[in-house]
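Comments concern the structure below.
Every chain is numbered from 1, with letters handed out A, B, ... down the list of sequences. Small disclaimer: the values here were computed from a predicted structure and weren't measured.
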Number of protein chains: 2
Amino acid sequence: MSTIKEVASVAGCSTATVSRALATPEKVSEATRARVARAIAQVGYTPNGAARNLRRRESKTIVALLPDISNPFFSEIINGIEEIAHQAGYQILIGDCERDPGRAEAYFDLLPANQADGVLLLTADVPRALVENARRQARFPLVMACEFFSDIDLPTVTVDNYRAACQAIDYLVSLGHRHIATISGPAANPICLERERGYRDTLTAHGLLDTARTQAGDFGVHSGYAQGLELLTPSRHRPTAIFCHSDEMAIGVLKAARQLGLAVPKDLSIVGFDNIRLSEYCDPELTTISQPRPEIGQKAMKLLLGLIRDEPVERHQVLETRLIVRQSTARPGAV
Amino acid sequence: MSTIKEVASVAGCSTATVSRALATPEKVSEATRARVARAIAQVGYTPNGAARNLRRRESKTIVALLPDISNPFFSEIINGIEEIAHQAGYQILIGDCERDPGRAEAYFDLLPANQADGVLLLTADVPRALVENARRQARFPLVMACEFFSDIDLPTVTVDNYRAACQAIDYLVSLGHRHIATISGPAANPICLERERGYRDTLTAHGLLDTARTQAGDFGVHSGYAQGLELLTPSRHRPTAIFCHSDEMAIGVLKAARQLGLAVPKDLSIVGFDNIRLSEYCDPELTTISQPRPEIGQKAMKLLLGLIRDEPVERHQVLETRLIVRQSTARPGAV
DNA sequence: CTCCTCATTGTAAACGATTGCATAAAAGGG
DNA sequence: CCCTTTTATGCAATCGTTTACAATGAGGAG
């Protein structure tokens with residue numbers, strides 16, 4: 001509540017000196033610095049952020065836009081983001097956009113309003129006009145992580161979704177599976193398209209393309225369950241393995257299989273994606289593809305900082321995934 | 001990037017009029033309002049938030065402090081908070097404090113810095129000095145949700161943890177269980193103490209107090225697993241039912257039971273807490289206590305808004321829980 | 001002793017909005 | 001037609017910092 005003026009008068013110096021004592025202590029004499037420190041403690045001074053932001057024309061805040069806070073997949077990415085952000089003195093405003101696209105716009109508007117210095121976009125599901133508009137502005141540091149736009153070249157941090165899918169499918173084929181289905185995320189999602197491409201290319205390489213079958217979900221556990229029922233309901237060609245684009249959906253499939261009396265992995269192998277914490281605690285434990293989530297967050301934040309500071313940056317960073325084999329996969333029919 | 005001055009000059013009026021056209025349109029003539037609107041569109045004006053915050057002495061931002069973002073339990077509460085907050089034109093800064101208490105302090109410091117107008121505390125695990133200090137300040141709107149301090153009277157929104165526990169234990173006793181153990185959250189946590197009290201009182205009421213046994217976890221799935229193993233490893237008095245203070249821990253117990261060859265619910269009944277989404281997708285589906293999460297968030301945010309606006313408020317709000325019976329509970333030994 | 005440099009501090013002008021007060025014009029009342 | 005009220009607008013101070021620039025004094029070089 002007290003201002004820099006009061007500190008200055010108590011310390012017996014000008015406000016400029018107080019300001020410098022805080023921002024650039026090396027420019028202030030030892031003695032003055034001490035007096036200022038004492039005065040600050042005495043009056044209980046906290047610099048007014050709004051005034052500082054106004055004057056400095058920066059907010060030390062960045063916006064992280066998520067498709068869905070409640071998806072546990074994102075929380076560890078956020079942790080990575082926060083770690084780097086706080087080190088650099090930035091705050092994070094987390095925005096959830098799932099409900100309506102108006103939300104996203106409100107968050108983007110914080111940038112010209114000097115309420116945010118950059119945007120970290122963790123979803124491609126925002127009105128593209130926003131993004132295109134942003135790119136046109138001179139100062140609008142924007143980084144995408146995890147997802148991306150296939151036709152707009154933005155700085156990105158992603159994993160190699162194509163290769164990850166190839167790896168999963170290769171593994172299933174090597175176990176002897178010949179009917180491998182996929183439950184993907186939203187059909188138009190670029191990362192899902194990449195994974196789908198990996199899936200189909202790998203099947204093709206093994207001469208199995210004609211058995212390909214994909215259902216689109218939404219990454220959520222319920223859609224996994226629903227699409228799982230769809231795929232597994234008795235038919236001529238019931239798949240013996242399902243590759244899911246998220247662990248949550250894989251857990252949904254687990255329930256569908258249980259309900260239909262199919263044993264996992266004996267009658268059905270399942271591969272998930274993300275390696276969320278609970279994937280080790282379901283029954284059977286999930287074979288899945290692990291993404292380096294904290295690292296994605298860290299790299300994305302570092303990239304954004306680079307853009308904000310106008311430093312040269314590596315605009316496209318691709319991180320490694322890892323196939324983690326647990327108990328939800330086996331040779332078809334094996335005990 | 002353009003300022004109110006440019007708008008004013010284009011619209012041919014003073015900055016005061018532009019400001020009023022935006023903030024209190026009814027005080028500006030129809031014609032001027034239109035000219036201003038056109039000018040704004042023409043120069044692409046967005047009001048500078050920092051300047052506004054400085055002048056208005058408010059930030060339209062509130063801080064929500066969580067123990068752990070990655071806990072799915074909180075995300076729906078956040079949704080409730082956001083809903084109300086956005087309606088009222090507020091932004092939410094989500095703070096994760098788990099790692100170190102310094103974090104919490106940094107967030108609290110935003111208030112005197114005019115960077116936040118209030119704090120929504122979703123954890124009691126912050127240095128109490130912060131809270132006590134906050135209470136002493138004149139303007140420091142602070143609301144607790146879910147958790148609370150037993151010895152500091154702050155405005156709160158909670159559920160009746162005592163009654164919820166009673167209900168769960170009553171139900172287990174009514175099924176015929178005589179050895180009911182508990183896996184609680186952190187031992188010193190007030191809500192856990194409440195639940196523990198409900199647990200013990202109910203056992204006492206049924207003359208079963210001597211069979212009480214509690215292990216402390218940390219709400220996380222791994223601690224449920226570890227404490228589950230502890231409780232279930234063969235001994236003279238293996239419990240036939242376990243009441244867990246979170247669904248995640250219940251899922252951990254499920255794994256422990258599986259590993260020890262115990263069938264749920266035949267050999268062991270399990271009751272969780274929170275009714276997270278995945279509780280319906282594990283095997284067996286979890287009997288649990290549902291908390292009205294979005295409503296907790298909404299009520300807490302409304303309460304905080306009331307405090308910010310200096311309106312009369314209901315300082316302590318208690319919401320209802322509901323026991324949801326699914327398949328993880330049964331009569332002991334029943335098929 | 002003079003001049004220059006450097007370290008330290010102060011002065012005052014921004015930053016971009018909001019708003020109390022004053023003023024002018026229009027409307028209403030008698 | 002004059003006086004009062006209302007409506008619409010402008011003027012200018014203000015919010016609390018930061019920072020370019022100027023000023024001061026001390027110390028060193030010549």
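Residue A:T17 places no side-chain N or O under 4.0 Å from the OP1 or OP2 atom of C:dT9. Contact annotation: B:Y45 reaches the phosphate of C:dA17 (side-chain N/O to OP1 or OP2, under 4.0 Å). For the pair B:S29 and D:dT9, the criterion of a side-chain N or O lying under 4.0 Å from OP1 or OP2 is met. Contact annotation: B:S19 reaches the phosphate of C:dT18 (side-chain N/O to OP1 or OP2, under 4.0 Å). Between B:T32 and D:dA8, a side-chain N or O to OP1/OP2 separation shorter than 4.0 Å is absent.
A donor-acceptor contact under 3.5 Å is not formed by the side chain of A:R57 with the base of C:dG16. Contact annotation: side chain of A:R55 to base of D:dT17, donor-acceptor pair absent below 3.5 Å. The base of D:dT18 is not paired with the side chain of A:R52 by any donor and acceptor separated by under 3.5 Å.
Look at CG on B:N114: it is 18 Å from P on C:dG16, rounded to the nearest Å. The NZ atom of B:K27 sits 13 Å away from the C1' atom of D:dT6 (whole-angstrom rounding). For the pair B:R33 CZ and D:dT9 C1', the computed distance is 14 Å after rounding to whole Å. Rounded to whole Å, atom P of C:dG10 lies 8 Å from atom CZ of A:R20. The distance from atom CG of B:N53 to atom C1' of D:dT17 is 14 Å, rounded to the nearest whole Å. Spacing between atom CD of A:E58 and atom P of D:dT18 amounts to 11 Å, rounded to whole angstrom units. Computed from coordinates, the A:E26 CD to C:dA7 P distance equals 11 Å when rounded to whole Å. The nearest whole Å value for the distance from the NZ atom in B:K5 to the C1' atom in C:dC15 is 9 Å.
At the heavy-atom level, A:S14 lies under 4.0 Å from base atoms of the strands shown.
Both A:A16 and B:T46 lie near DNA chain C, and the one whose nearest nucleotide falls closer to the 5' end is A:A16. Comparing A:V18 and B:V18 along DNA chain D, the residue whose closest nucleotide (by nearest heavy atom) sits nearer the 5' end is B:V18.
Here OH of A:Y90 is found 6.0 Å from CG of A:L305. Values are rounded to the nearest 0.5 Å. Interatomic distance, CD of B:Q115 versus CG of B:L110, reported as 5.5 Å (0.5 Å rounding).
Distance from the side chain of B:A51 is smallest for C:dG16 among the nucleotides D:dA12, C:dA12, C:dG16.
Heavy atoms only, all atoms of each residue included: B:I94 and B:L66 are closest at CG2-CD1, 3.9 Å.
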Between A:F73 and A:F219, does a ring-ring contact (aromatic ring centres under 6.0 Å, His included) hold up when you go through it step by step?
CA-CA 10 Å; A:F73 171 71; A:F219 292 127; 8.2 Å; no
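In this structure the side chain of A:F148 reaches within 4.5 angstrom of the side chain of A:T158, judged on heavy atoms.
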